[in-house]
Amino acid sequence: MPKNKKESFIFTLMMCTIMVLVMSFYNVIRIHGMTEHVMLDTIKSFPLAFVIAFTADWVIVGHIAKRVAFRIIKPEDPMIKKAIIISSFMVIGMVIIMSLFGAFMCSGFSMNIFAVWMMNIPMNFIVAYPLQILIAGPIVRFGFGKICAA
């Protein structure tokens, strides 16, 4: 786990990269179906989605999620429990924000933006939560440990 701002920045970069890439791929398929343009559409949507996600994580969600999580976590709790609780609150916040971003990308400023956003939240949560807890979290923590231990 990160111990200072520099490490936190690196950790957030790594986590956002994996989560945004996979979630962008998932949402392109969910919206447009499995076409020959899936990879190209994912790559095209990645930069803006990454900037929005990283900014939301670094400026808003990370602070709120940690504040809420540390009301539940005890100092003597195992590191894995701390990671899962923090990750859970991070996913909730990020899914809410990034689902709104996705709704804007799909609907623009149309009248049905709220409905699209509300439909996006559960559709994204069911993929983002297990992705974070079972795949991205362990991969990033392992890679981060290798990078910061060196």
Here the gap from Met105 atom CE to Asn27 atom CG, rounded to the nearest 0.5 Å, amounts to 11.5 Å

Approximate separation, where rounding is to 0.5 Å, of Trp117 CH2 and Asn112 CG:
14.0 Å

State plainly whether one hydrophobic cluster holds both Ile29 and Ile43, where clusters connect Ile, Leu, Val, Met, Phe, Trp and Tyr through side-chain heavy atoms under 4.5 angstrom apart.
no

Check: Phe89 and Lys66 side chains under 4.5 Å, non-hydrogen atoms
no

Measure the shortest side-chain to side-chain distance between Asp57 and Met19 over non-hydrogen atoms and say whether it is less than 4.5 angstrom.
no

Identify the two heavy atoms, one from Gly62 and one from Met90, that lie closest to each other, and give their separation to 0.1 Å.
CA-SD, 3.5 Å

Residues Thr42 and Leu21: closest non-hydrogen pair is CG2-O, 4.0 Å

CG/Asn124 to CD1/Ile96 distance, rounded to the nearest 0.5 angstrom?
11.5 Å

Given side chain to side chain contact (heavy atoms under 4.5 Å, CB included), test Ile18 with Ile135 step by step and report yes or no.
CA-CA 9 Å; Ile18 291 174; Ile135 301 167; 5.8 Å; no

Evaluate the side-chain proximity of Arg30 to Met123: yes if any heavy-atom separation is below 4.5 Å, no if none is.
yes

Show the nearest heavy-atom pair for residues Val95 and Ile121, with the distance to one decimal.
CG1-O, 3.5 Å

Does any non-hydrogen side-chain atom of Val38 lie less than 4.5 Å from one of His32?
no

Might you point out which heavy atoms bring Val51 and Thr55 nearest each other, and give the distance in Å?
O-OG1, 2.8 Å

Working to the nearest 0.5 Å, report the span between CZ of Phe125 and CD1 of Ile92.
5.5 Å

Report the distance from atom CD1 of Ile139 to atom CD of Gln132, rounding to the nearest 0.5 Å.
11.0 Å

What about Phe25 and Ile126, same hydrophobic cluster or not, with Ile/Leu/Val/Met/Phe/Trp/Tyr joined at side-chain heavy-atom distances under 4.5 Å?
no

Check for me, please, whether Leu134 and Val22 land in the same ILVMFWY cluster - side-chain distances under 4.5 Å, paths through other members count.
yes

Decide yes or no on side chain to side chain contact (heavy atoms under 4.5 Å, CB included) for Phe101 and Leu48, but give the supporting numbers first.
CA-CA 10 Å; Phe101 168 75; Leu48 180 59; 3.9 Å; yes

Where do Gly102 and Asn120 come nearest, in terms of heavy atoms and distance?
C-ND2, 3.9 Å

Would you say Val28 ends up clustered with Ile52 if hydrophobic residues are merged whenever their side chains have heavy atoms under 4.5 Å apart, either directly or through other cluster members?
no

Consider only side-chain heavy atoms of I, L, V, M, F, W and Y, link residues closer than 4.5 Å, and tell whether Phe104 and Phe114 are in one cluster.
yes

Is the shortest side-chain heavy-atom distance between Phe11 and Glu7 below 4.5 Å?
no

Please name the pair of heavy atoms, one in Lys82 and one in Pro75, separated by the smallest distance, quoted to 0.1 Å.
NZ-O, 3.0 Å

Is any side-chain heavy atom of Phe144 closer than 4.5 Å to a side-chain heavy atom of Arg141?
no

Side chains of Leu13 and Phe50 in contact at under 4.5 Å (non-hydrogen atoms)
yes

Met23 side chain near Leu131 side chain, heavy-atom distance below 4.5 Å:
yes

Rounding to 0.5 Å, atoms OG1 (Thr17) and CZ (Phe46) come to a distance of 5.0 Å

